[in-house]
Amino acid sequence: QVQLVESGGGLVQAGGSLRLSCAASGATFGSNAMGWFRQAPGKEREFQAAISWSGGRTKYADSVKGRFTISTDNAKNTVYLQMNSLKFEDTGVYYCAAGRFRDYPPGFAADYWGQGTQVTVSS
């Protein structure tokens, strides 16, 4: 019922920028926030950033603070992740998720997932 479609991934040199988009459709019910996760080959998915649809609350992983910015365009039902000063370590498949903020780590729980978009940062 819920569909999340990511776009904007690609190949970029270290120090460069990318903007990821996630278009949401369908009823999300209790999922009042959106998040981004990164999964490198052979590793678990790691929380990157989250934002409430109301725009009043955001959360970032320490590793991306000051470099990534999450935002929403409610009229387009779209969430963005602006990624600046990219590092090789940022490489991975980025997944969009609909979910909720939580008090336990990582601070956001995903209910629905997108298909992912590949981000590759060359060193």
Quick check against the 3.5 Å criterion: does [X] have a side-chain atom that pairs as donor or acceptor with the backbone of [Y]?
{"X": "Gln39", "Y": "Glu44", "answer": "no"}
{"X": "Thr117", "Y": "Gly9", "answer": "yes"}
{"X": "Asn32", "Y": "Arg100", "answer": "no"}
{"X": "Gln1", "Y": "Gly26", "answer": "no"}

Taking all heavy atoms of [X] and all of [Y], pick out the closest pair and write down the distance.
{"X": "Ser85", "Y": "Ser17", "answer": "N-OG, 4.3 Å"}
{"X": "Leu4", "Y": "Ala24", "answer": "CD2-CB, 3.6 Å"}
{"X": "Trp36", "Y": "Ser21", "answer": "CH2-O, 3.6 Å"}
{"X": "Phe108", "Y": "Gly35", "answer": "CZ-N, 3.6 Å"}
{"X": "Tyr104", "Y": "Ala109", "answer": "OH-CB, 4.2 Å"}

Can you find a side-chain donor-acceptor pair between Asp73 and Thr78 that sits under 3.5 Å?
no
Within a strict 4.5 Å, meaning less than it, do heavy atoms of the [X] and [Y] side chains meet?
{"X": "Val121", "Y": "Leu18", "result": "no"}
{"X": "Thr91", "Y": "Glu89", "result": "no"}
{"X": "Gln82", "Y": "Phe68", "result": "no"}

In this structure, would [X] and [Y] fall into the same cluster of hydrophobic residues linked by side-chain contacts under 4.5 Å?
{"X": "Met83", "Y": "Val93", "answer": "no"}
{"X": "Tyr95", "Y": "Val119", "answer": "no"}
{"X": "Leu20", "Y": "Val79", "answer": "yes"}
{"X": "Met34", "Y": "Trp113", "answer": "no"}

Using the side-chain contact (heavy atoms from CB on, under 4.5 Å) rule, take Tyr94 and Glu6 through it: C-alpha gap first, then chi angles, then the decisive distance, then the call.
CA-CA 8 Å; Tyr94 282 73; Glu6 302 97 329; over 6 Å; no
To the nearest 0.5 Å, tell me how far [X] [atom1] sits from [Y] [atom2].
{"X": "Lys65", "Y": "Tyr60", "atom1": "NZ", "atom2": "OH", "answer": "10.5 Å"}
{"X": "Gln3", "Y": "Ser25", "atom1": "CD", "atom2": "OG", "answer": "4.5 Å"}
{"X": "Gln115", "Y": "Ser7", "atom1": "CD", "atom2": "OG", "answer": "8.5 Å"}
{"X": "Trp53", "Y": "Ser31", "atom1": "CH2", "atom2": "OG", "answer": "11.0 Å"}
{"X": "Ile70", "Y": "Leu81", "atom1": "CD1", "atom2": "CG", "answer": "6.0 Å"}

Measure centre to centre between the rings of Phe37 and Phe47, then say whether the value is under 6.0 Å.
yes
Using a 6.0 Å distance limit plus a 45 degree cone around the ring axis, check whether Arg57 lies over the aromatic ring of Phe101.
yes
Mind running side-chain contact (heavy atoms from CB on, under 4.5 Å) on Thr69 and Tyr80 for me, showing each step along the way?
CA-CA 8 Å; Thr69 302; Tyr80 303 97; over 6 Å; no
Flag the pair Lys87 and Asp90 as a salt bridge only when some basic side-chain nitrogen lies within less than 4.0 angstrom of an acidic carboxylate oxygen.
no
Non-neighbouring partners of Glu46 that pass salt bridge (charged side-chain N to carboxylate O under 4.0 Å, His left out), sequence neighbours left out:
Arg38
